[in-house]
Amino acid sequence: MAETQFDLIVLGGGTGGYVAAIRAAQLGLKTALVDKAKVGGTCLHQGCIPTKALLNTAEVLHTFKHAGDYGLVAQEVALDYPKAVARKNKVVDQLYRGVQFLLKKNKVSVFEGYGRLKGAQHVEVSAQDGSTTLLEAKDILIATGSVPRQLPNVPFDGQRVLSSDDVLSRADIPSSVVILGGGAIGVEFASMYNDFGSQVTIVEMLPHILPQDDEEVAEQLTKLLTRRGIKIYTSASFDPSSLKIDDNKIHADVVKADQSRVPVEGDVLLVAIGRKAVTENLGLEEVGVEIQRGFIVVDDHYRTNVPHVYAIGDVIGGYLLAHVAAHEGMIAVETIAGKNPELLNPHRIPRVTYSRPEVASVGLSEKEAKAQGYDVKVGIFPFRANGKSLILGEADGMVKLVADKKTDALLGAHIVGPHASDLINEMALAKFLEATAWEVAESVHAHPTVSEVLHEAALAVDGMAIHI
Amino acid sequence: MAETQFDLIVLGGGTGGYVAAIRAAQLGLKTALVDKAKVGGTCLHQGCIPTKALLNTAEVLHTFKHAGDYGLVAQEVALDYPKAVARKNKVVDQLYRGVQFLLKKNKVSVFEGYGRLKGAQHVEVSAQDGSTTLLEAKDILIATGSVPRQLPNVPFDGQRVLSSDDVLSRADIPSSVVILGGGAIGVEFASMYNDFGSQVTIVEMLPHILPQDDEEVAEQLTKLLTRRGIKIYTSASFDPSSLKIDDNKIHADVVKADQSRVPVEGDVLLVAIGRKAVTENLGLEEVGVEIQRGFIVVDDHYRTNVPHVYAIGDVIGGYLLAHVAAHEGMIAVETIAGKNPELLNPHRIPRVTYSRPEVASVGLSEKEAKAQGYDVKVGIFPFRANGKSLILGEADGMVKLVADKKTDALLGAHIVGPHASDLINEMALAKFLEATAWEVAESVHAHPTVSEVLHEAALAVDGMAIHI
Amino acid sequence: NTEGASESLRGRYSPAVRRLAMENHINPDTITGSGAKGRVTRQDILNAVAKQAEAPKVTPSEHE
Ligand SMILES: Cc1cc2nc3c(=O)[nH]c(=O)nc-3n(C[C@H](O)[C@H](O)[C@H](O)COP(=O)(O)OP(=O)(O)OC[C@H]3O[C@@H](n4cnc5c(N)ncnc54)[C@H](O)[C@@H]3O)c2cc1C
Ligand SMILES: Cc1cc2nc3c(=O)[nH]c(=O)nc-3n(C[C@H](O)[C@H](O)[C@H](O)COP(=O)(O)OP(=O)(O)OC[C@H]3O[C@@H](n4cnc5c(N)ncnc54)[C@H](O)[C@@H]3O)c2cc1C
């Protein structure tokens, strides 16, 4: 008989849940992890990892097409999509086995099945075979994540109207695709499909794509994507009532700001308008866990209103990001274990879009900073003035640092360009350590490196950049 | 008639000199820059940039050879070395024009010619056409850099016995090469030639290659290079008296630690045993500038013993690195301009070797830290447990963080693996801001990024890594 | 502009400095930083703690 008494039950084994479970075990808590599907969750199976594996293939393909630029010759460079998918699956698999190994190594008891709260200290697990197990614990952590949001009245059909999940399980590349939503997910698929040769159209309601990012950076990316032939409509809405699906294509109208209508069409429609927290059918209402606007409500230690019940990750809203889920999980568990963890400050959380080139931010955009009453100074540095980026043959883009004129405090960092995903972590550390812009400038950056752009942009904040 | 009266004359227009000249001009000093060759110096014309351009071609070639891994097909992939050289030259040229533009934009007066001190406040410039100009300034900054060091009694001949300068100006790839010196320069050429198909042998006197780096990291790189077929002799000396040069090859004996002799041979011998500061024929003796062990002696503000004469960069020794020269230049000039610059702390300077994979360090190695009496704790994380590295197909290597058990202070960071050159700058910032290991751990790193390895290694310092 | 830099660092501490100060009941605002342009370092806090320990102590009982 399997053990059913625990210190902690984690419901949902995505990034947030499995990291929390491992940390709990490390802290000496007897821990159970319940998942109805594969541990690793969205991020590992339908999110971060599979998308980036395919995006990497897209990037390498792009490099190959420019072989001559590097002094290389090659005949017949081409994509073998089934092989790219197989490669993606291999990476996912390797990491999946890794997570399974880590859970075992840390002695986390993993229960496969659908979990439902039965009171504040019990979870009932229903396995595929119909059997149920009642688990009991001092505390419960909900980490059930999120799923793709549908367009009202236009359900996903897996054929023409697709979610990101659908797209990732397709065996081929559509020759044309209309993407609803110019957020990170939409933009990543747009960049990938464009590199794979599809005709791509993005429709975004707000005035610029990547609406959470700094305007100038988003505009820069818009220019780069447009130059590659991606058609981008912003301040534009998709009229669901105009959607027609025939044997080969979807057709619909996009309504622009001036109310004019433009017809768009594609082999498929990818709906990437957001995610919906998984809160239904979990027994939350019965236990009385408060939910607002679809997300579980928690305090800064991830306690819900019900004693012993905590929640983290996509299911509580905020930034729907894997590293956020993981950190929230660690903080929640450390709180449960009676530690005094450092709390999460949203201004210190890096966000990345893995388009080509990558886009990344931390902290306030220039506009946000001004709206908050800061008198700002801005330092901008273009990648084309950076030696290593020229060497890489990836010199599009720029860094923009936003600082407080009064205190020199680094308020925000915004990057569109090569290696942005790594560079932003340095800026997140700067924010975490409460650095000023001049400290970033005075910290020695090795030459030649891509991240010298940070040093130069920090100098530029005070008009002292050397290389522009 | 050109102006000959200045606030500052910078002698030598390498990275150190031109950056200093630009900063001086920004600070309102009327500045002259003297160089006998092209501004940009060693780094731009015979160092950092051309080597990394070729190394990048090597890396792309390697990726190409593994096209199938990414789901791509590429037939008949081959290196077109003359084209790679042309590409290298193009990048150098673009940056060279950039430096010229920056000097002009900042109104630095550039004098082409050989410069020589005439007293502490004059420099005589002898142009190619035989004409001379006498410049006068309140202060002089010497930034004459360094040149390749020869093996005693074995002069460079440009044919078989080569310096790094010679190698970079060759039009072809030797089919085999013996490299004397396993420092950064030797290892970079070894990695490059191996990727280009040459037989490579490295001979290093000290017990491990990259002797300035952490032992464990150097050993890891040794393993990776050896696996690629590079032959590495450590604790081994090259016997110059055994050197024989015939029409096609060089032959010589390597003397191992046990005094046994091993014959080595190659098309060419690349001597990469170090650099020699350029201090001769500059009028330094006449002015009385102190030189010790071949380098100009300066204080922590880069003042020589002679009032008004400053020196920075390779010519003063220490780390012979471009970013060091640049920072020294800025500090010297700010001192001259009456500012109070932050001084350079060698423990905060990042160092990079651009082999495949890259190696990078900042601060103390484990051994050094122990030798200095620290009770250390070490956190190690392998790249193969990092999702983004697996996605990149570059999962060899590891990060090692060294911290002080008593204070948690981050003492050193050592990386061998993908993007090490960017990652090290985050660790340099951590050192600059006097971070602890746990702060690096608690600072949120975006997922999936290569630099998550830093977060994990920092957690590992306290035995709390999640993903190992 | 690095002139007003030490002013700019007022009130900016790394989490480690904050934590050390809190644990030792020290207000970091009262400390002159020895780091870059006056940044308060962990060592500065430790030095302040040592100084406090040296100073003649008033026993709590006398107060309560
Ligand atoms: C296409 C795409 C790309 C993305 N790219 C990135 C990226 O690059 N970087 C990034 O940071 N984030 C990215 N994200 C977001 C990231 O995937 C999520 O933020 C992250 O997965 C959230 O983790 P979580 O643990 O909260 O939830 P999830 O990962 O969604 O995990 C929830 C788990 O709970 C399980 N579960 C749910 N209900 C029950 C139940 N009743 N019983 C048992 N188990 C249950 C599910 O099976 C699932 O395994 C991406 C998302 C998508 C869709
Ligand atoms: C193969 C190789 C690879 C390297 N890779 C890197 C790397 O990746 N990263 C890194 O940080 N460093 C690297 N370095 C080191 C880097 O090149 C030097 O540290 C840097 O160039 C030092 O700058 P400097 O200004 O002190 O001197 P230099 O760059 O050597 O410049 C000195 C200048 O002074 C001029 N000069 C000398 N004497 C006179 C005179 N009498 N009159 C007029 N002009 C004069 C010269 O013409 C030259 O332009 C590399 C070096 C080599 C050789």
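Below, read A as the first sequence line, B as the second, and so on, with proteins coming before strands; counting in each chain starts at 1.
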Item to complete: Examine distances only and state if a side-chain atom of B:Asn425 and a backbone atom of A:Ser451 form a donor-acceptor pair shorter than 3.5 Å.
Response: no
Item to complete: Examine whether an atom of B:Ala325 lies under 4.5 Å from a heavy atom of chain A, and if so say whether it belongs to the side chain, the backbone or both; otherwise answer neither.
Response: neither
Worksheet entry | Considering all heavy atoms, the nearest A:Leu344-B:Val444 contact | CD1-CG2, 3.6 Å
Worksheet, complete the sentence: So, the part of B:Glu439 with a heavy atom under 4.5 Å from chain A: the answer is both
Worksheet item: Between A:His467 and B:Tyr18, does the ring centroid distance fall short of 6.0 Å?
Response: yes
Worksheet entry | Worked check of side-chain contact (heavy atoms from CB on, under 4.5 Å) between B:Phe64 and A:Val73 | CA-CA 10 Å; B:Phe64 245 129; A:Val73 282; over 6 Å; no
Worksheet item: So what's closer than 4.5 Å to chain A heavy atoms on B:Glu434: side chain, backbone, both or neither?
Response: neither
Worksheet item: Shortest non-hydrogen contact from B:Asp69 to A:Arg87?
Response: O-CG, 2.6 Å
Worksheet item: Can you say whether B:Ile331 sits under 4.5 Å from chain A via the side chain, the backbone, both, or neither, judging by heavy atoms?
Response: neither
Worksheet item: Do you know the tightest heavy-atom contact between B:Leu79 and A:Gly71?
Response: CD1-O, 3.6 Å
Worksheet item: Are the side chain of B:Tyr70 and the backbone N or O of A:Glu59 linked by a donor-acceptor pair below 3.5 Å?
Response: no
Item to complete: Look at the side chain of B:Lys105 and the backbone N and O of A:Ile468, then say whether any donor-acceptor pair between them is shorter than 3.5 Å.
Response: yes
Worksheet item: Sub-3.5 Å donor-acceptor pair from the side chain of B:His447 to the main-chain atoms of A:His323, do we have one?
Response: no
Response to the item:
So, the part of B:Ala86 with a heavy atom under 4.5 Å from chain A: the answer is neither
Practice prompt. Determine yes or no for a side-chain-to-main-chain donor-acceptor pair under 3.5 angstrom, with A:Glu76 supplying the side chain and B:Glu76 the backbone.
Written response: no
Worksheet item: Say you draw a straight line from CG of B:Leu454 to CG of A:Leu429; how long is it, rounded to the nearest 0.5 Å?
Response: 9.0 Å
Worksheet item: So which part of B:Leu55 gets closer than 4.5 Å to some heavy atom of chain A, the side chain, the backbone, both or neither?
Response: neither
Worksheet item: Given a strict heavy-atom distance threshold of 4.5 Å, which part of B:Met464 is in contact with chain A: side chain, backbone, both, or neither?
Response: both
Worksheet item: So what's closer than 4.5 Å to chain A heavy atoms on B:Leu102: side chain, backbone, both or neither?
Response: side chain
Response to the item:
In terms of heavy-atom contacts, B:Leu72 and A:Leu61 come closest through CD1-N, 3.6 Å
Worksheet item: Which of these, B:Asn56, B:Leu95, B:Val92, sits in a side chain to side chain contact (heavy atoms under 4.5 Å, CB included) with A:Leu390?
Response: B:Leu95
